[in-house]
Peer 1: 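Could you have a look at this structure, given as C-alpha coordinates, before my questions?
Keep in mind that what you see is a predicted model, and the values were worked out from it rather than measured.
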Amino acid sequence: MAPTKAPDSSRRSDRSRRAILDAALALVTEVGYRRTTIEGIAARAGVGKQTIYRWWPSKAAVLMDAFLDLAGRSAEGVAAESESAGEPGGGEQAPGIPDTGDLVADLKLVLRATVDELNDPVLEAPTRALTAEGIVDAKLGAEFVHKLLDPQLALYVTRLRAAQEAGDVRADVDPRIALELLIGPLMHRWLLRTLPLTHAYADEIVDYAVGGLAPRP
(Lines give C-alpha, C1' and ligand atoms only; values in the text may rest on other atoms or scores of the structure.)
Protein backbone atom coordinates (compact mmCIF):
# COMPACT_ATOMS: atom_id res chain seq x y z
CA MET A 1 0.00 0.00 0.00
CA ALA A 2 1.41 3.37 -1.02
CA PRO A 3 2.19 5.74 1.85
CA THR A 4 -0.34 8.50 2.43
CA LYS A 5 1.06 11.93 1.62
CA ALA A 6 1.01 14.25 4.63
CA PRO A 7 -1.04 17.45 4.21
CA ASP A 8 0.98 20.52 3.33
CA SER A 9 0.46 22.61 6.47
CA SER A 10 2.25 25.66 5.06
CA ARG A 11 -0.04 25.72 2.02
CA ARG A 12 -3.08 25.36 4.26
CA SER A 13 -1.83 28.22 6.44
CA ASP A 14 -1.29 30.43 3.38
CA ARG A 15 -4.84 29.74 2.23
CA SER A 16 -6.21 30.56 5.67
CA ARG A 17 -4.22 33.80 5.91
CA ARG A 18 -5.40 34.86 2.46
CA ALA A 19 -9.00 34.07 3.36
CA ILE A 20 -8.71 36.11 6.57
CA LEU A 21 -7.16 39.13 4.86
CA ASP A 22 -9.75 39.06 2.08
CA ALA A 23 -12.58 38.70 4.60
CA ALA A 24 -11.29 41.64 6.65
CA LEU A 25 -11.19 43.91 3.60
CA ALA A 26 -14.63 42.81 2.45
CA LEU A 27 -16.20 43.46 5.84
CA VAL A 28 -14.61 46.85 6.44
CA THR A 29 -15.81 47.85 2.97
CA GLU A 30 -19.36 46.64 3.61
CA VAL A 31 -19.99 47.65 7.23
CA GLY A 32 -17.13 49.98 8.20
CA TYR A 33 -14.31 49.62 10.70
CA ARG A 34 -16.36 49.89 13.90
CA ARG A 35 -18.81 47.14 12.94
CA THR A 36 -16.12 44.79 11.69
CA THR A 37 -15.30 42.18 14.34
CA ILE A 38 -12.92 39.27 14.76
CA GLU A 39 -15.97 37.01 14.93
CA GLY A 40 -17.25 38.39 11.65
CA ILE A 41 -13.88 38.04 9.95
CA ALA A 42 -13.56 34.46 11.17
CA ALA A 43 -17.04 33.53 9.97
CA ARG A 44 -16.45 35.16 6.57
CA ALA A 45 -13.08 33.43 6.16
CA GLY A 46 -14.35 30.05 7.34
CA VAL A 47 -11.84 29.76 10.18
CA GLY A 48 -12.01 29.78 13.96
CA LYS A 49 -11.30 32.88 16.04
CA GLN A 50 -8.29 31.12 17.55
CA THR A 51 -6.73 30.90 14.09
CA ILE A 52 -6.88 34.68 13.76
CA TYR A 53 -5.55 35.32 17.25
CA ARG A 54 -2.65 32.96 16.56
CA TRP A 55 -1.36 35.41 13.96
CA TRP A 56 -2.75 38.81 15.01
CA PRO A 57 -3.34 40.37 18.44
CA SER A 58 -6.32 42.52 17.42
CA LYS A 59 -8.81 43.52 14.76
CA ALA A 60 -6.71 46.59 13.96
CA ALA A 61 -3.65 44.41 13.31
CA VAL A 62 -5.62 42.16 10.95
CA LEU A 63 -6.98 45.11 8.98
CA MET A 64 -3.62 46.85 8.83
CA ASP A 65 -1.98 43.75 7.36
CA ALA A 66 -4.91 43.27 5.00
CA PHE A 67 -4.59 46.82 3.75
CA LEU A 68 -0.81 46.62 3.39
CA ASP A 69 -1.24 43.38 1.45
CA LEU A 70 -3.80 45.04 -0.81
CA ALA A 71 -1.54 48.04 -1.40
CA GLY A 72 1.35 45.69 -2.21
CA ARG A 73 -0.68 43.73 -4.71
CA SER A 74 -1.85 46.97 -6.31
CA ALA A 75 1.77 48.14 -6.70
CA GLU A 76 2.74 44.79 -8.22
CA GLY A 77 -0.12 45.12 -10.70
CA VAL A 78 1.07 48.56 -11.79
CA ALA A 79 4.62 47.23 -12.25
CA ALA A 80 3.33 44.29 -14.30
CA GLU A 81 1.30 46.61 -16.52
CA SER A 82 4.35 48.81 -17.09
CA GLU A 83 6.45 45.78 -18.02
CA SER A 84 3.83 44.42 -20.42
CA ALA A 85 3.55 47.85 -22.01
CA GLY A 86 7.27 47.75 -22.72
CA GLU A 87 8.20 50.70 -20.51
CA PRO A 88 11.92 51.01 -19.74
CA GLY A 89 12.91 49.12 -16.62
CA GLY A 90 9.54 47.37 -16.34
CA GLY A 91 9.07 45.31 -13.22
CA GLU A 92 12.82 45.29 -12.51
CA GLN A 93 12.89 49.01 -11.71
CA ALA A 94 13.26 49.86 -8.02
CA PRO A 95 10.14 51.39 -6.51
CA GLY A 96 10.16 55.15 -6.51
CA ILE A 97 9.14 58.26 -8.39
CA PRO A 98 10.59 58.26 -11.92
CA ASP A 99 13.51 60.57 -12.55
CA THR A 100 13.50 61.39 -16.24
CA GLY A 101 15.02 64.81 -15.69
CA ASP A 102 11.60 66.45 -16.09
CA LEU A 103 10.27 67.06 -12.57
CA VAL A 104 6.86 68.28 -13.69
CA ALA A 105 6.25 65.27 -15.94
CA ASP A 106 7.44 62.83 -13.28
CA LEU A 107 5.21 64.28 -10.56
CA LYS A 108 2.19 64.42 -12.86
CA LEU A 109 2.67 60.75 -13.69
CA VAL A 110 2.74 59.78 -10.01
CA LEU A 111 -0.15 62.01 -8.93
CA ARG A 112 -2.30 60.70 -11.78
CA ALA A 113 -1.59 57.14 -10.62
CA THR A 114 -2.54 58.20 -7.07
CA VAL A 115 -5.83 59.60 -8.37
CA ASP A 116 -6.54 56.28 -10.07
CA GLU A 117 -5.85 54.38 -6.84
CA LEU A 118 -8.03 56.66 -4.72
CA ASN A 119 -10.88 56.34 -7.24
CA ASP A 120 -10.53 52.54 -7.45
CA PRO A 121 -13.56 51.03 -5.62
CA VAL A 122 -11.43 48.11 -4.40
CA LEU A 123 -9.02 50.48 -2.63
CA GLU A 124 -11.27 53.42 -1.83
CA ALA A 125 -13.57 51.89 0.80
CA PRO A 126 -10.90 50.28 3.01
CA THR A 127 -8.68 53.34 2.65
CA ARG A 128 -11.47 55.62 3.82
CA ALA A 129 -12.36 53.29 6.69
CA LEU A 130 -8.82 53.07 8.03
CA THR A 131 -8.15 56.79 7.46
CA ALA A 132 -11.29 57.76 9.35
CA GLU A 133 -10.58 55.36 12.23
CA GLY A 134 -6.98 56.55 12.41
CA ILE A 135 -8.25 60.03 13.21
CA VAL A 136 -9.98 58.89 16.40
CA ASP A 137 -7.65 55.99 17.25
CA ALA A 138 -4.22 57.56 17.72
CA LYS A 139 -2.41 54.21 17.91
CA LEU A 140 -3.96 52.93 14.68
CA GLY A 141 -3.33 56.28 13.01
CA ALA A 142 0.33 56.23 13.99
CA GLU A 143 0.71 52.69 12.66
CA PHE A 144 -1.00 53.65 9.41
CA VAL A 145 1.44 56.53 8.97
CA HIS A 146 4.51 54.51 9.95
CA LYS A 147 3.80 51.40 7.87
CA LEU A 148 2.11 52.87 4.81
CA LEU A 149 2.39 56.64 4.42
CA ASP A 150 5.97 57.33 5.53
CA PRO A 151 7.57 54.90 3.01
CA GLN A 152 5.55 56.50 0.21
CA LEU A 153 6.35 60.05 1.30
CA ALA A 154 10.04 59.19 1.46
CA LEU A 155 9.92 58.58 -2.30
CA TYR A 156 8.81 62.20 -2.84
CA VAL A 157 11.62 63.46 -0.61
CA THR A 158 14.17 61.51 -2.66
CA ARG A 159 12.85 62.86 -5.96
CA LEU A 160 12.65 66.45 -4.72
CA ARG A 161 16.20 66.31 -3.37
CA ALA A 162 17.36 65.08 -6.77
CA ALA A 163 15.55 68.06 -8.31
CA GLN A 164 17.36 70.37 -5.90
CA GLU A 165 20.70 68.91 -6.96
CA ALA A 166 19.71 69.43 -10.60
CA GLY A 167 18.79 73.06 -9.91
CA ASP A 168 15.08 72.58 -10.61
CA VAL A 169 14.03 73.29 -7.00
CA ARG A 170 15.38 76.01 -4.71
CA ALA A 171 18.09 74.86 -2.32
CA ASP A 172 16.29 76.39 0.68
CA VAL A 173 13.12 74.32 0.12
CA ASP A 174 12.31 71.65 2.73
CA PRO A 175 11.32 68.56 0.67
CA ARG A 176 9.10 67.24 3.47
CA ILE A 177 7.03 70.42 3.44
CA ALA A 178 7.14 70.66 -0.35
CA LEU A 179 5.65 67.20 -0.84
CA GLU A 180 2.65 68.26 1.26
CA LEU A 181 1.90 70.92 -1.35
CA LEU A 182 1.38 68.00 -3.74
CA ILE A 183 -0.31 65.41 -1.54
CA GLY A 184 -2.35 67.71 0.73
CA PRO A 185 -4.75 69.16 -1.86
CA LEU A 186 -5.28 65.74 -3.42
CA MET A 187 -6.24 64.14 -0.10
CA HIS A 188 -8.37 67.10 0.92
CA ARG A 189 -10.54 66.82 -2.19
CA TRP A 190 -10.72 63.04 -1.88
CA LEU A 191 -11.57 62.92 1.82
CA LEU A 192 -14.17 65.67 1.76
CA ARG A 193 -15.48 64.98 -1.75
CA THR A 194 -15.54 68.71 -2.44
CA LEU A 195 -15.10 68.23 -6.20
CA PRO A 196 -14.26 65.35 -8.57
CA LEU A 197 -10.75 63.90 -8.25
CA THR A 198 -9.35 63.92 -11.78
CA HIS A 199 -6.10 63.75 -13.72
CA ALA A 200 -6.60 67.38 -14.75
CA TYR A 201 -6.73 68.42 -11.10
CA ALA A 202 -3.57 66.43 -10.34
CA ASP A 203 -1.79 68.18 -13.22
CA GLU A 204 -2.82 71.60 -11.92
CA ILE A 205 -1.56 70.79 -8.44
CA VAL A 206 1.86 69.95 -9.88
CA ASP A 207 1.95 73.11 -12.00
CA TYR A 208 1.02 75.33 -9.04
CA ALA A 209 3.40 73.62 -6.59
CA VAL A 210 6.44 73.38 -8.85
CA GLY A 211 5.95 76.99 -9.88
CA GLY A 212 6.39 78.00 -6.26
CA LEU A 213 9.35 75.66 -5.69
CA ALA A 214 11.35 76.70 -8.75
CA PRO A 215 14.45 78.90 -8.36
CA ARG A 216 13.67 82.62 -8.35
CA PRO A 217 15.22 84.78 -11.08
Peer 1: Determine which pairs satisfy ring-ring contact (aromatic ring centres under 6.0 Å, His included) with at least one residue from residues 172-217, sequence neighbours left out, and list them in order.
Peer 2: none
Peer 1: Sequence neighbours left out, what pairs pass side-chain hydrogen bond (donor to acceptor under 3.5 Å, both in side chains) with at least one residue falling in residues 170-185?
Peer 2: R170-D172, R176-E180
Peer 1: Mind running side chain to side chain contact (heavy atoms under 4.5 Å, CB included) on L179 and V157 for me, showing each step along the way?
Peer 2: CA-CA 7 Å; L179 71 85; V157 171; 3.6 Å; yes
Peer 1: Begin with the C-alpha distance, continue with both residues' side-chain angles, and end with the deciding distance and a verdict on salt bridge (Lys or Arg N to Asp or Glu O under 4.0 Å) for R44 and E39.
Peer 2: CA-CA 9 Å; R44 185 74 166 250; E39 290 80 5; over 6 Å; no
Peer 1: Should L118 and T114 count as side-chain neighbours, where that means a heavy-atom distance under 4.5 Å?
Peer 2: yes
Peer 1: In sequence, state the C-alpha distance, the side-chain angles, and the governing distance for L181 and L213, and then conclude on side chain to side chain contact (heavy atoms under 4.5 Å, CB included).
Peer 2: CA-CA 10 Å; L181 300 176; L213 300 174; 4.1 Å; yes
Peer 1: With sequence neighbours excluded, what pairs up with R34 under the salt bridge (charged side-chain N to carboxylate O under 4.0 Å, His left out) test?
Peer 2: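 So R34 forms a salt bridge (charged side-chain N to carboxylate O under 4.0 Å, His left out) with E133.
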Peer 1: Count I, L, V, M, F, W, Y as connected when their side-chain heavy atoms are under 4.5 Å apart, and connections chain through other members. Are V31 and L25 then in the same cluster?
Peer 2: no
Peer 1: Which pair of heavy atoms, one from E124 and one from N119, lies closest together, and at what distance?
Peer 2: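 For E124 and N119, the tightest heavy-atom pair comes out as OE1-O, 4.4 Å.
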Peer 1: Rounded to the nearest 0.5 Å, how far does CD1 of I205 lie from CD1 of I183?
Peer 2: 8.5 Å
Peer 1: In Å, rounded to the nearest 0.5 Å, how long is the span from CG of L191 to OG1 of T127?
Peer 2: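 Taking CG in L191 and OG1 in T127, the distance rounds to 10.0 Å.
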Peer 1: Kindly compute the distance separating CG (L186) from CZ (R112), expressed to the nearest 0.5 Å.
Peer 2: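 Interatomic distance, L186 CG to R112 CZ, rounded to 0.5 Å: 12.5 Å.
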Peer 1: Please write out which residues are connected to F67 in a hydrophobic cluster, directly or through intermediates, given that two of Ile, Leu, Val, Met, Phe, Trp, Tyr count as joined at side-chain heavy-atom separations below 4.5 angstrom.
Peer 2: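 Traced through the cluster, F67 reaches V28, Y33, L63, M64, L68, L130, L140, F144, V145, L148, L149.
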Peer 1: Side-chain contact test, heavy atoms from C-beta onward, threshold under 4.5 Å: evaluate it for W55 versus V62 and give yes or no.
Peer 2: no
Peer 1: Could you check whether any side-chain heavy atom of L182 comes within less than 4.5 Å of a side-chain heavy atom of V206, counting everything from C-beta outward?
Peer 2: yes
Peer 1: Is a side-chain N or O of K59 found less than 3.5 angstrom from the main chain of T36, in a donor-acceptor match?
Peer 2: yes
Peer 1: Hey, could you give me the CD/CG distance between E117 and L197, rounded to the nearest 0.5 Å?
Peer 2: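 The distance works out to 11.5 Å.
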Peer 1: Show me the side-chain donor-acceptor pairs of residues 100-109 shorter than 3.5 Å, one per line, residues at least two apart or across chains.
Peer 2:
residue, atom, partner, partner atom, Å
T100, OG1, D102, N, 3.3
T100, OG1, D106, OD1, 2.8
T100, OG1, D106, OD2, 3.4
D102, OD1, V104, N, 3.3
D102, OD1, A105, N, 3.1
D106, OD2, T100, N, 2.9
D106, OD2, R159, NE, 3.3
D106, OD2, R159, NH2, 2.9
K108, NZ, D207, OD1, 3.2
K108, NZ, D207, OD2, 3.4

Peer 1: Please name the pair of heavy atoms, one in P151 and one in H146, separated by the smallest distance, quoted to 0.1 Å.
Peer 2: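 That closest heavy-atom pairing would be CD-O, 3.5 Å.
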Peer 1: Please find the pair of heavy atoms, one from I38 and one from S58, that lie closest to each other, and give the distance.
Peer 2: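 Result for this residue pair: CD1-C, 4.2 Å.
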Peer 1: When rounded to the nearest 0.5 angstrom, what is the spacing between CD1 in I177 and CG in L160?
Peer 2: 12.0 Å
Peer 1: Could you tell me whether a side-chain N or O of Q164 sits under 3.5 Å from a main-chain N or O of V173, the two making a donor and an acceptor?
Peer 2: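 Pair found, side chain donor or acceptor close to backbone of V173.
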Peer 1: Determine the minimum heavy-atom distance between A24 and A66, stating which atoms define it.
Peer 2: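 Taking A24 first and A66 second, the nearest heavy atoms are CB-CB, 4.2 Å.
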Peer 1: Under the criterion salt bridge (Lys or Arg N to Asp or Glu O under 4.0 Å), I'd like the reasoning laid out for D22 against R18: C-alpha separation, chi angles, the key distance, then a yes or no.
Peer 2: CA-CA 6 Å; D22 289 346; R18 167 58 50 208; 3.3 Å; yes
Peer 1: Quick check against the 3.5 Å criterion: does R161 have a side-chain atom that pairs as donor or acceptor with the backbone of P175?
Peer 2: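 No.
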Peer 1: Under the salt bridge (charged side-chain N to carboxylate O under 4.0 Å, His left out) test, which residues partner E204, sequence neighbours left out?
Peer 2: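 For E204 there are no salt bridge (charged side-chain N to carboxylate O under 4.0 Å, His left out) partners, ignoring immediate neighbours.
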Peer 1: Looking at P57 and A61, what are the two nearest heavy atoms and their distance?
Peer 2: CD-CB, 3.7 Å
Peer 1: Rounded to the nearest 0.5 Å, how far apart are OG1 of T51 and CD1 of I41?
Peer 2: 13.0 Å
